[in-house]
Enquirer: 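Could you have a look at this structure, given as structure tokens, before my questions?
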Amino acid sequence: LSGKVGGFERYVAHPQAVPCEDGVASVTAPAQHRMSCVAKQHNLTVVANFFVVLANNTRRIVEVAFEAGTGKSLASYFKHHLFPSERLEGVHPGPFAPTSFTSKSGTRWGLLICYEGMYADLFRDWSQLDALKKEGADGILWSIGGVLPAHTVGRALARHVSLPVLSSEDGASAVALGGDANPLQRNASLPLPPMANYTGHASVDVFVM
């Protein structure tokens, strides 16, 4: 799902929240509401990337993991390393807070958003990846909202942490690499159709676990 036309939606997917059960969220945060409902109704773990506005009117880019079968927010991570154009849109960076979650299979996944993967490879700043591995991540989920060399950078990330790296670009294409940086069978990411009449920012990638 990619809907990058209008403004940012309200952030409602706080950890432990279930946006699918919040009627107001269907209006103020339709993308978060929908992804929560997909996770709940179809028993899928959904990892999604949204452009949101916090209660203090600060704009952020957030990655949310929704629990399979409940639609509950298991984890929320605010993007720390921003691309210059995002700053021009008034987006604020989140704190340096490497974040991971455990899926229903018991696998622990570290979250990485778009330019952050490129940043690590370009500047050889592996602190975010190293922190995710240190906290027990079994693999990295890398959501990409724009055109990046996913194969090339993904291999660099996988080699550095010796962990699988699964990437999804605007929900339309996926790259799955093993800890040895070799391709895995592509069965880890599924695109969803666009939301009708949705004009907010969202880049949603669905990982089935």
Side-chain angles (χ1 to χ4, degrees), residues 1-79 82-83 85-94 99 101 103-104 109 111-116 141-147 166-174 188-209:
L1 164 69
S2 180
K4 301 180 177 179
V5 180
F8 289 49
E9 66 178 41
R10 285 291 171 182
Y11 172 58
V12 299
H14 307 276
Q16 303 304 310
V18 184
C20 186
E21 297 177 355
D22 181 351
V24 176
S26 65
V27 177
T28 62
Q32 294 165 81
H33 179 269
R34 184 193 182 204
M35 294 301 101
S36 172
C37 289
V38 168
K40 181 177 181 178
Q41 295 167 6
H42 299 285
N43 197 31
L44 302 175
T45 298
V46 177
V47 177
N49 179 236
F50 308 101
F51 285 64
V52 298
V53 178
L54 305 188
N56 63 2
N57 290 322
T58 300
R59 292 183 171 189
R60 299 285 180 90
I61 299 173
V62 65
E63 187 91 351
V64 182
F66 295 102
E67 185 176 50
T70 69
K72 178 176 66 176
S73 172
L74 295 173
S76 290
Y77 165 66
F78 292 106
K79 186 177 182 181
L82 299 179
F83 194 70
S85 62
E86 292 165 344
R87 292 181 181 274
L88 292 176
E89 286 193 65
V91 177
H92 289 248
T99 301
F101 74 97
S103 68
K104 67 177 181 179
W109 296 96
L111 301 177
L112 197 67
I113 302 175
C114 203
Y115 177 66
E116 292 183 324
L141 297 183
W142 182 26
S143 294
I144 304 172
V147 179
L166 277 58
S167 68
S168 183
E169 186 171 330
D170 267 354
S173 63
S189 183
L190 301 174
L192 288 182
M195 291 172 58
N197 302 318
Y198 180 63
T199 58
H201 284 274
S203 173
V204 179
D205 306 305
V206 180
F207 298 88
V208 181
M209 302 161 217

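Here, residue 1 is the first one in the sequence, and each next residue gets the next number. Keep in mind the model is a prediction, meaning the values are calculated, not measured.
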Enquirer: Trp142 side chain to Ile113 main-chain N or O, any donor-acceptor pair under 3.5 Å?
Expert: no

Enquirer: If you measure from SG on Cys37 to NE2 on His42, what distance do you get to the nearest 0.5 Å?
Expert: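 Answer for the SG-NE2 pair, Cys37 versus His42, is 9.5 Å.
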
Enquirer: Less than 4.5 Å apart, any side-chain heavy atom of Pro93 and any of Arg87?
Expert: yes

Enquirer: Of all heavy-atom pairs between Val12 and Ala29, which one has the smallest distance, and what is that distance?
Expert: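 Val12 and Ala29 have their closest heavy atoms at CG2-CB, 3.6 Å.
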
Enquirer: Pick from Glu86, His92, Glu116: which one makes a side chain to side chain donor-acceptor pair (under 3.5 Å) with Lys79?
Expert: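 Considering Glu86, His92, Glu116, a side chain to side chain donor-acceptor pair (under 3.5 Å) with Lys79 is found only for Glu86.
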
Enquirer: Do Phe101 and Thr45 touch side chain to side chain, with heavy atoms closer than 4.5 Å?
Expert: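 In contact.
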
Enquirer: CZ/Arg10 to CG/Leu54 distance, rounded to the nearest 0.5 angstrom?
Expert: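 Result: 8.5 Å between the selected atoms.
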
Enquirer: Which atom names give the shortest non-hydrogen contact between Gln32 and Pro19, and what distance separates them?
Expert: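 Smallest heavy-atom distance, with atoms named: O-CB, 3.8 Å.
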
Enquirer: Out of curiosity, Phe8 CZ to Ile61 CD1, how far, rounded to the nearest 0.5 Å?
Expert: 6.5 Å

Enquirer: To the nearest 0.5 Å, what is the distance between CE on Met35 and CG on Leu44?
Expert: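 CG of Leu44 is found 10.5 Å from CE of Met35.
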
Enquirer: Could you check Phe66 against Val38 for side-chain contact (heavy atoms from CB on, under 4.5 Å), going step by step and ending with a plain yes or no?
Expert: CA-CA 9 Å; Phe66 295 102; Val38 168; over 6 Å; no

Enquirer: Can you name the closest pair of heavy atoms from Glu63 and Ser143 and give their distance?
Expert: OE2-OG, 2.6 Å

Enquirer: Can you name the nearest heavy-atom pair linking Lys104 to Ala68, along with the distance?
Expert: CD-CB, 3.8 Å

Enquirer: Atom OH in Tyr77, atom CG in Asn49: separation rounded to 0.5 Å?
Expert: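 Reported value, rounded in 0.5 Å steps: 10.5 Å.
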
Enquirer: Which heavy-atom pair separates Ala13 from Ser73 by the least distance, and what is that distance?
Expert: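 Heavy atoms only, the tightest pair is O-OG, 3.1 Å.
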
Enquirer: Looking only at non-hydrogen atoms, find the nearest pair between Gly71 and Ala39 and report the distance.
Expert: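 Closest approach of Gly71 to Ala39, heavy atoms only: CA-CB, 4.1 Å.
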
Enquirer: Measure the spacing between CZ of Arg59 and CD of Glu89 and express it to the nearest 0.5 Å.
Expert: 7.0 Å

Enquirer: For side-chain contact (heavy atoms from CB on, under 4.5 Å), just list the numbers for Tyr11 and Ser76, CA-CA rounded to whole Å, side-chain angles, deciding distance to a tenth of an Å, and then say yes or no.
Expert: CA-CA 10 Å; Tyr11 172 58; Ser76 290; 3.0 Å; yes

